[in-house]
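It should be emphasised that the depicted structure is a prediction, and the values quoted were computed from it without experimental measurement.
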Protein chains: 2
Amino acid sequence: MAKKTGEKYQAIINAAVRVIAQHGYHNAQVSRIAREAKVADGTIYLYFENKDDILISLFNEKMGQFIATCRDLCNKADTVEQKIYVLVHSHLSQLANDKEFSVVTQIELRQSNPVVSKGIGEVLKQYFSLIDDVIREGVEAGVFRDDVDVRLARTMVFGTLDQTVTAWVMRQCKHDLVSQVDPIHNLFLNGLIRK
Amino acid sequence: MAKKTGEKYQAIINAAVRVIAQHGYHNAQVSRIAREAKVADGTIYLYFENKDDILISLFNEKMGQFIATCRDLCNKADTVEQKIYVLVHSHLSQLANDKEFSVVTQIELRQSNPVVSKGIGEVLKQYFSLIDDVIREGVEAGVFRDDVDVRLARTMVFGTLDQTVTAWVMRQCKHDLVSQVDPIHNLFLNGLIRK
DNA sequence: GATTAATGAATGACCATTCATTCATGATTT
DNA sequence: AAATCATGAATGAATGGTCATTCATTAATC
């Protein structure tokens, strides 16, 4: 049971993103998602185990896409500097183009239901290791300082991007995200200090 | 009504931190917090408006302390580099010393009840402007590059620290947080690139 | 004895999930 | 080709469990 394909499956996931983004996680009742997807309440349970499963599936589906795009673009870049640039750019531009999903990831899905966290954690790890690979390459190629700790550098990259997107969402997605790409890239590579 | 002082007020707040950290936000029923605080369910409502108010008060009380400590330590530092160091150090060391509060801030309180978010946002802003002040000082003193965007640099600093603590909490607070202070400080000031 | 603090059982709202029933589609039989 | 049957998708009203909140009552304090 709970077949995870088909037109209605997608419809429910898209409805869930919309409902959660607009009404908040707390008012995202299953029946509201069903109504938005133009489906009966019970139909939800033909496609999803339970409410948590909707959230996990939603995140995995969309985040999976997100990571795949990042990875593809990264592979096309030649230098390590460019790869970092691509990471920053694709993170920000993809979320800038999907405000509803951004609201869901940055605000609504940060709740602590352990089942949901676990489901989400798996996909996030993939993203982390993509960033790790780029940084490791930079260290091994001698472009980055050789005392750079890969995990820490990744934490800085992800932490900064994540916080940038959160601030944008908090301010109603009003300003332009992509214009931050260059300054962020510069800050990562050169730091704060004037030389 | 809802007097926000006294021994029981503190007892309830401390109980809430413990209950939320140990059982998760979802299982932090008011009656459980009451039991942990050795107080009757109804007593909670003599000190707090409602459940949200417990969370907001908890965050404001503890985070207020946190910021005051950061500010004091910062004021004692002479150079801008040292002030950045102090920010990194006091952020990490304070949270390292209060694992239960860390779990609450990094995981359990990231849920999206708009009332709670709003209550929390106010205090967070104070912390942001403390970081902003330090960075602005660095730019004005000519220690930092003069094209450094203050808000962006703050986003990097906060985003990195926040993500560092989150990763620590996720891995059961096992490794040493404070040992990351030097590498993070170095990364902020000098960036990734080998010179 | 009056005022204030504390109690905890009872209430009622909320909402995820279930399941008896209906509907749609296609196969099989006559 | 009409009639019958079979399958499983879809429905949505009903259920049941969970808690935040209330408030009548009791205890403490001045």
Side-chain angles (χ1 to χ4, degrees), chain A residues 1-20 22-59 104 108-109 111-119, chain B residues 1-20 22-59 104 108-109 111-119:
Chain A
M1 30 146 179
K3 65 168 203 167
K4 308 187 97 41
T5 51
E7 188 178 310
K8 303 224 165 178
Y9 175 76
Q10 292 298 335
I12 293 166
I13 283 194
N14 292 331
V17 174
R18 255 174 284 139
V19 169
I20 295 173
Q22 280 170 33
H23 301 279
Y25 176 74
H26 286 269
N27 291 316
Q29 297 89 334
V30 171
S31 58
R32 201 166 205 162
I33 294 172
R35 197 182 333 135
E36 178 79 20
K38 298 198 172 99
V39 139
D41 293 11
T43 305
I44 301 266
Y45 294 90
L46 298 174
Y47 291 90
F48 300 89
E49 304 285 340
N50 48 41
K51 195 185 177 187
D52 284 348
D53 190 33
I54 303 177
L55 295 175
I56 295 169
S57 305
L58 171 170
F59 188 81
V104 174
E108 305 293 345
L109 226 51
Q111 46 88 36
S112 67
N113 181 326
V115 180
V116 176
S117 312
K118 189 143 184 277
Chain B
M1 33 146 177
K3 65 167 204 165
K4 308 185 94 48
T5 50
E7 185 180 313
K8 302 220 167 178
Y9 175 76
Q10 292 299 334
I12 293 166
I13 285 194
N14 292 332
V17 174
R18 255 173 285 139
V19 169
I20 296 173
Q22 279 171 32
H23 302 279
Y25 176 75
H26 277 78
N27 291 317
Q29 298 91 333
V30 172
S31 58
R32 201 167 205 161
I33 295 172
R35 199 184 332 138
E36 178 78 21
K38 298 198 173 99
V39 140
D41 293 12
T43 305
I44 301 265
Y45 293 88
L46 299 175
Y47 292 90
F48 300 89
E49 304 284 341
N50 48 41
K51 194 185 175 185
D52 284 348
D53 191 33
I54 304 177
L55 294 176
I56 295 169
S57 305
L58 170 170
F59 188 81
V104 173
E108 305 293 345
L109 227 51
Q111 48 89 34
S112 68
N113 181 327
V115 180
V116 176
S117 312
K118 189 142 181 282

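Taking 4.5 Å as the limit, every side-chain heavy atom of Leu55(A) sits out of range of all side-chain heavy atoms of Phe59(A). Within the 4.5 Å cutoff, the side chain of Ile54(A) has no heavy atoms near those of the Ile13(A) side chain. Inter-residue side-chain proximity for Thr5(B) and Tyr47(B) is flagged as unmet; no heavy-atom pair is nearer than 4.5 Å. Residues Leu58(B) and Val104(B) meet the side-chain proximity criterion, which asks for heavy atoms closer than 4.5 Å.
Rounded to a whole Å, the OH atom of Tyr45(B) is 19 Å from the P atom of dA5(C). What separates NZ of Lys51(A) from P of dG17(D) is a distance of 19 Å, to the nearest Å. Whole-Å rounding puts the Leu55(A) CG to dA16(C) P distance at 10 Å. We find that CD1 of Ile54(B) is positioned 10 Å from C1' of dA20(D), with the value rounded to whole Å. The distance between atom CG of Leu46(B) and atom C1' of dC23(D), rounded to the nearest whole Å, is 11 Å. Taking atom OH of residue Tyr9(B) and atom C1' of nucleotide dA6(C), one finds them 19 Å apart after rounding to whole Å. Regarding Phe48(B), its CZ atom lies at a distance of 13 Å from the P atom of dT21(D), rounded to whole Å. Atom NE2 in His26(B) sits about 15 Å away from atom C1' in dG17(D), given to the nearest Å.
Near-neighbour residues of DNA chain C inside residues 29-38 of chain A, defined by a heavy atom below 4.0 Å, number-ordered: Gln29(A), Val30(A).
Contact annotation for Tyr47(B): backbone-only contact, meaning every heavy-atom pair under 4.0 Å involves sugar-phosphate atoms and none involves a base.
Nearest to the side chain of Asp41(A), among dA13(D), dA10(D), dT7(C), sits dA13(D).
The line from CZ of Arg35(A) to CG of Asp41(A) is 9.0 Å long, rounded to the nearest 0.5 Å. Note that CD of Glu108(A) and NE2 of His26(A) are 8.0 Å apart. Values are rounded to the nearest 0.5 Å.
Regarding contacts with the backbone of dA9(D), every side-chain N or O of Lys8(A) stays at 4.0 angstrom or more from both OP1 and OP2.
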Between the protein and nucleotides 28-30 of chain D, list the N/O to N/O atom pairs that are separated by less than 3.5 angstrom.
none

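Minimum heavy-atom separation, Ile12(B) to Ile33(B): O-CG2, 4.0 Å. Considering all non-hydrogen atoms of both residues, Ala15(A) and Glu36(A) come closest at CB-CG, 3.6 Å.
Ser57(B) places a side-chain N or O within donor-acceptor distance of the main-chain N or O of Asp53(B), the cut-off being under 3.5 Å.
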